[in-house]
Number of protein chains: 2
Amino acid sequence: MERAIRYSQKRADILAAIQGTDCHPSAEWVYQQLKPSHPGLSLGTVYRNLIFFRQQGLIQSVGVVGGQERFDGTLTPHSHFVCDSCGSVLDLPGIHPDGDLDQTVSRQYGLSVQRHELTFHGLCQSCAQSQSNQSDQNNKEETSA
Amino acid sequence: MERAIRYSQKRADILAAIQGTDCHPSAEWVYQQLKPSHPGLSLGTVYRNLIFFRQQGLIQSVGVVGGQERFDGTLTPHSHFVCDSCGSVLDLPGIHPDGDLDQTVSRQYGLSVQRHELTFHGLCQSCAQSQSNQSDQNNKEETSA
DNA sequence: CTCATTAACAGTAGTAATTCTTATTACTGT
DNA sequence: ACAGTAATAAGAATTACTACTGTTAATGAG
């Protein structure tokens, strides 16, 4: 009597695409990634399945970066780093606050906390480097002007 | 010679609206709030000033909740709680990880971390209550059917 | 004060991400 | 094979936000 959940090839491949990368993809990224092997794939199908997977607890959302929601196939507790320049997202496996923090907040504030997100912002290595190069250039231009 | 930054009444009132509430408003909220006293206010002006204030370091962004960016006039380090049901945002003044965490992550991963966000998700008190009531109702309906 | 400059603004048109709708296809149990 | 329904494609609709254009008004020099 209960509704059967069907796992089509597309659905499976969408999930595999997220779980098989560490780049924390957006819906658009998954769509572009699978389009060659699934010419008839619709962007709406990707969105629908991402929501479906999140409901099922198979993936989690990292949050919105540059106006696009980013997803993560890794479920073990870990933090994220977002480069505010290029928008890349990195896992920080070793960094996570005390596991009882959700409980603590729930008790202290009378809430029903289910999860938390710890996200660091700044510049990734390559962006920090190119930015310092650029400021070097600017200094040169300023001094030469 | 240098360009003067002008503080119009509207600009001041937009800032005051954010700093005078603890509801972590969206641009739309500020617009609706000020419309009665500023009939000729444009939503674009609100957006432009929110970006301006963030650049000036007068406010910060809490992140995107339900597709809308939410802002915070409190600058002291603190965490947030987001109700995934009604979208309300609460400050958690007592909750924040070690202040050296940014430095630790920077060194450990070779990044240039500038800040971090610790956000808890779950249900607020009223939503947790109404949700349990609703499930009670559902149970009644199921058993009576 | 007068006038030139220009930041700030309103109004509007546009953009991009996401969601919704509808018709169709494909799977599942009988 | 057939009925019922989950899954899908295509694209329209929605929504938050941004860019553009002409106007208003604050600033500062003469």
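In what follows, every heavy atom counts, from backbone to side chain, and hydrogens, waters and symmetry copies are set aside. Within every chain, numbering begins at 1; the chains are lettered A, B, ... in the order of the sequence lines, protein sequences first and strands thereafter.
- At a threshold of 4.0 angstrom between heavy atoms, the contacts of A:Leu41 are confined to the sugar-phosphate backbone, with no base atom among them.
- Applying the 4.0 Å criterion to OP1 and OP2 of C:dC9, one finds that B:Ser42 has every side-chain N and O outside that range.
- Remark: the B:Gln32 side chain and the B:Glu28 side chain contain an N/O donor-acceptor pair separated by less than 3.5 Å.
- A salt bridge links A:Asp84 to B:Arg115: at least one charged side-chain nitrogen sits closer than 4.0 Å to a carboxylate oxygen.
- Note: CG (B:Leu50) to C1' (D:dT18) measures 13 Å, nearest angstrom.
- Within the 4.0 angstrom heavy-atom criterion, only backbone atoms of the sugar-phosphate kind lie near B:Glu69; the bases stay farther away.
- Phosphate proximity of D:dA25 to B:Arg6: absent, as no side-chain N or O sits under 4.0 Å from OP1 or OP2.
- Put simply, CD on A:Gln55 is 15 Å from C1' on D:dA7, counting in whole angstrom units.
- When rounded to the nearest whole Å, the span between CG of A:Leu15 and P of D:dA7 equals 14 Å.
- Between B:His24 and B:His80, the ring-plane angle classifies as perpendicular under the 30° and 60° cut-offs.
- Here C:dG11 presents its C1' atom at 12 Å from NZ of B:Lys35, a figure rounded to the nearest Å.
- Regarding B:Phe53, its CZ atom lies at a distance of 14 Å from the C1' atom of C:dA7, rounded to whole Å.
- At the phosphate of D:dC17, OP1 or OP2 sits under 4.0 Å from a side-chain N or O atom of B:Tyr47.
- We find that NE2 of A:His38 is positioned 14 Å from P of C:dA26, with the value rounded to whole Å.
- Between B:Asp13 and the choices B:Arg11, B:Gln9, B:Lys10, the side chain to side chain donor-acceptor pair (under 3.5 Å) rule is met once, by B:Gln9.
- The shortest distance between the side-chain N/O atoms of A:Ser8 and the OP1/OP2 oxygens of D:dT8 is below 4.0 Å.
- Between A:Arg48 and C:dT19 there is no side-chain N or O to OP1 or OP2 distance below 4.0 Å.
- Within the structure, a side-chain polar atom (N or O) of A:Lys10 is placed less than 4.0 Å from OP1 or OP2 of D:dA9.
- As judged by a 4.0 angstrom heavy-atom cut-off over every strand, B:Ile51 is placed among residues touching the sugar-phosphate backbone only.
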